[in-house]
Amino acid sequence: MSAALFAAPVPYVPLPARIAVLLSGRGSNFEALAAACAAGRLPAEICLVVSDRSDAQGLSRARERGLFAAGLSAKELGGKAGLEARISELLAERRADLICLAGFMRILSPEFVSRFPYRILNIHPSLLPSFPGLHAQEQAVNYGVRWSGVTVHFVDSGTDTGPIIDQRAVPVLGGDDADSLSARILPMEHGAYVDALAKVLKGGWRIEGRAVVFP
Ligand code: GRF
């Protein structure tokens, strides 16, 4: 067995874990995580929701749940560096253990990511490494693949390239377009994100090469 690059303690962080969610839009994945926390299906609480769009539906959803929610404007904060600096402050103030990206439409800088090794998770609507980046469902339909799906992964400094925590396959059917495929993938995303976060929080996993090895 090769030496692990990283070994997660058990549990990974003190429980209940404090989770920050970064989003830009609808927030259905945030909602799935928040509902799982509220129902005791995840040993965690959402301590912070941040959006780079103050009109994001996800922010309203967070406020309806009484969660700490902040809409930030990169423009008002002097650009990407200012936005990330403010996010970092909020993460520290709210004592976040982990960050879950849930439809956050910005690429975090390598400097930001390197401060949170194996502490940032993302969900992507394809079976990575196929179809990274924007419009993953449209890419899958246009390519003509028979299966696509969802990937939950740790975030590294690339775009959708970090170690994979879990994947679930979804069929692409004849006549599918990006919308119909997205609608089939989305409910799968919600379950996959909750289950992946639960596995991560449990700890005892390790990183070998680029694989996440669970006990
Ligand atoms: C999801 O498809 C997610 O995989 C992708 O962005 C979308 C966000 O949807 N990264 P929602 O805001 O969670 O509803």
Side-chain angles (χ1 to χ4, degrees), residues 19-39 41-42 44 46 48-65 67 69-72 87 98-108 112-113 116 119-143 145 147-172 176-200:
I19 308 290
V21 177
L22 271 54
L23 55 81
S24 299
R26 181 177 54 187
S28 71
N29 279 287
F30 150 71
E31 191 77 47
L33 295 175
C37 291
R41 284 182 284 119
L42 275 175
I46 309 274
L48 170 67
V49 178
V50 175
S51 177
D52 60 331
R53 296 189 53 127
S54 52
D55 61 349
Q57 195 190 345
L59 273 184
S60 329
R61 288 177 155 189
R63 290 184 180 125
E64 277 161 26
R65 287 183 168 274
L67 298 174
L72 303 179
I87 294 173
L98 293 177
I99 303 165
C100 287
L101 307 184
F104 187 62
M105 299 305 286
R106 287 173 178 269
I107 307 292
L108 293 165
F112 183 96
V113 171
F116 304 97
R119 297 264 171 165
I120 312 177
L121 283 68
N122 182 42
I123 185 149
H124 184 78
S126 76
L127 293 175
L128 291 170
S130 292
F131 315 127
L134 292 174
H135 311 302
Q137 302 94 332
E138 188 180 341
Q139 292 185 56
V141 168
N142 290 344
Y143 197 94
V145 291
W147 290 88
S148 190
V150 45
T151 303
V152 183
H153 63 94
F154 286 114
V155 172
D156 66 8
S157 57
T159 301
D160 302 324
T161 52
I164 290 170
I165 300 163
D166 196 15
Q167 293 190 299
R168 294 188 185 172
V170 173
V172 182
D176 260 342
D177 59 15
D179 288 342
S180 61
L181 179 58
S182 301
R184 195 172 310 115
I185 290 174
L186 192 64
M188 203 64 108
E189 293 189 31
H190 300 157
Y193 215 169
V194 170
D195 292 352
L197 181 55
K199 281 167 79 176
V200 167

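Each residue takes its place number in the sequence, starting with 1. Just follow the structure's listing: the first ligand is 1, and inside any ligand the first atom is 1.
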Next on the checklist: Could you check whether Ser180 and Asp177, counting side-chain N and O atoms only, form a donor-acceptor pair closer than 3.5 Å?
Outcome noted: yes
Next on the checklist: Taking side chain to side chain donor-acceptor pair (under 3.5 Å) as the definition, give me every residue that meets it alongside His190, ordered by chain and number, with sequence neighbours left out.
Outcome noted: Ser28
Next on the checklist: Checking a contact table here: which protein heavy atom is nearest atom 12 (O) of ligand 1, and how many Å away?
Outcome noted: Gly27 N, 2.7 Å
Item to check | Counterpart residues, side chain to side chain donor-acceptor pair (under 3.5 Å), relative to Ser148 (two or more places apart) | outcome: none
Checklist entry - Taking the non-hydrogen atoms of Gly58, is any one of them nearer than 4.0 angstrom to ligand 1? => result no
Checklist entry - Would a 4.5 Å heavy-atom cut-off, applied to side chains only, mark Arg63 and Leu59 as touching? => result yes
Next on the checklist: Is it the case that atom CZ in Arg65 sees more than 12 heavy atoms from other parts of the structure closer than 6.0 Å?
Outcome noted: yes
Next on the checklist: Starting from atom 8 (C) of ligand 1, what is the nearest protein heavy atom, named by residue and atom, and what distance separates them?
Outcome noted: Gly103 CA, 3.6 Å
Item to check | Check: Arg26 N/O within less than 3.5 Å of ligand 1 N/O | outcome: yes
Checklist entry - Where is the nearest protein heavy atom to atom 11 (P) of ligand 1: which residue, which atom, and how far? => result Ser28 N, 3.4 Å
Next on the checklist: For atom 1 (C) of ligand 1, tell me which residue out of Met188, Glu189, Glu31 has the closest non-hydrogen atom.
Outcome noted: Glu189
Checklist entry - Only one of His124, Gln167, Glu189 clears side chain to side chain donor-acceptor pair (under 3.5 Å) with Thr151; which? => result Gln167
Next on the checklist: Check this for me - ligand 1, Leu186, N or O atoms closer than 3.5 angstrom, yes or no?
Outcome noted: no
Checklist entry - Does Ile123, backbone or side chain, put an N or O under 3.5 Å from an N or O of ligand 1? => result yes
